Amino acid sequence: MSDCIFCKIAAKEIPSSIVYEDDRILAFKDINPAAPVHILVIPRQHISSAMEIDESNADIVSHIFKICKKIAGDMGIAETGFRIVNNCGHDGGQTVGHIHFHLLGGRALSWPPG
Ligand code: 5GP
Ligand code: ZN
């Protein structure tokens, strides 16, 4: 999608600090980190939100979780623990309309979220 910031990051039209990429997904450092490790994992395909996941594209979610596990190992937080977050819609706190999963770790994270 031409006016989507994460599509532009996936196309490398906007620079980002990439930690992993393959033919289907991209993982890069969040520009405003909320934890010592804060990675965003996105599909290259534009999917607006979790509300757009269906039988045709659901496989990407399991792939993203598998790669989150790999990145957690690479970042040294596999043993200490981490959180994978998807914000959906206004009340979910979604601010970028291209589905993304936050991988957060490197400190103890509080619960419940605000
Ligand atoms: P959301 O609030 O939609 O769940 O998360 C969007 C995230 O994208 C935020 O944590 C924000 O800091 C991050 N973000 C927004 N614009 C950019 C950008 O241009 N580059 C990077 N690396 N992260 C961004
Ligand atoms: Zn997009």
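Throughout, residue positions are numbered sequentially from 1 according to the sequence presented. Whatever order the structure lists ligands and atoms in, that order sets their numbers, starting from 1. Just so you know, these numbers come straight off a predicted model, no measurement behind them. Scope of the values below: all heavy atoms of this structure, side chains included, with no hydrogens, waters or symmetry mates.
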A.B. asks: Got a second to check how far K8's NZ is from S2's OG, nearest 0.5 Å?
C.D. replies: 7.0 Å
A.B. asks: Hey, is T95 touching ligand 1 through its side chain, its backbone, both or neither, going by heavy atoms under 4.0 Å?
C.D. replies: both
A.B. asks: Would you mind finding which of H102, H100, K29 brings a heavy atom closest to atom 22 (N) of ligand 1?
C.D. replies: K29
A.B. asks: Find the distance between CZ (R24) and CD1 (I64) and round it off to the nearest 0.5 Å.
C.D. replies: 9.0 Å
A.B. asks: Mind checking whether L40 contacts ligand 1 via backbone (N, CA, C, O), side chain (CB onward), both or neither, at a 4.0 Å heavy-atom cut-off?
C.D. replies: side chain
A.B. asks: Which bit of I14 is near ligand 1, meaning a heavy atom under 4.0 Å away: side chain, backbone, both or neither?
C.D. replies: neither
A.B. asks: Considering heavy atoms of the protein only, find what lies nearest to atom 17 (C) of ligand 1 and give residue, atom and distance to 0.1 Å.
C.D. replies: I31 CG2, 3.8 Å
A.B. asks: Looking only at protein heavy atoms, which one is nearest to atom 19 (O) of ligand 1, and what is the separation?
C.D. replies: I5 CD1, 3.4 Å
A.B. asks: Between ligand 1 and G93, can you find any atom pair, the residue atom being a heavy atom, that is separated by under 4.0 Å?
C.D. replies: yes
A.B. asks: D30 near ligand 1, heavy-atom distance under 4.0 Å?
C.D. replies: yes
A.B. asks: Is there a heavy atom of V85 sitting under 4.0 angstrom from any atom of ligand 1?
C.D. replies: no
A.B. asks: Could you report the tightest heavy-atom contact between L109 and A35, atom names first, then the distance?
C.D. replies: CD2-CB, 4.4 Å
A.B. asks: Mind listing the protein N/O/S atoms less than 2.8 Å away from the Zn ion (ligand 2)? Waters don't count.
C.D. replies: C4 SG, C7 SG, H46 ND1, H98 ND1
A.B. asks: Could you find the nearest protein heavy atom to atom 18 (C) of ligand 1 and give me its residue, atom name and distance?
C.D. replies: I9 CD1, 3.9 Å
A.B. asks: Tell me if the aromatic rings of H100 and H102 count as close, with their centers under 6.0 Å from one another.
C.D. replies: yes
A.B. asks: To the nearest 0.5 Å, what is the distance between CD1 on I60 and CD1 on I47?
C.D. replies: 6.5 Å
A.B. asks: I want to know if ligand 1 touches V96 in the polar sense, i.e. an N/O pair below 3.5 angstrom.
C.D. replies: yes
A.B. asks: Name all pairs fulfilling the side-chain hydrogen bond (donor to acceptor under 3.5 Å, both in side chains) condition that reach into residues 77-97, sequence neighbours left out, sorted by first residue then second.
C.D. replies: none
A.B. asks: Side chain or backbone of F6 under 4.0 Å from ligand 1, or both, or neither, by non-hydrogen atoms?
C.D. replies: side chain
A.B. asks: Would you give the length of the straight line joining atom CD1 of I9 to atom OG of S17, rounded to the nearest 0.5 angstrom?
C.D. replies: 11.0 Å
A.B. asks: Is there a donor-acceptor contact under 3.5 Å from the side chain of R44 to the main chain of A10?
C.D. replies: yes
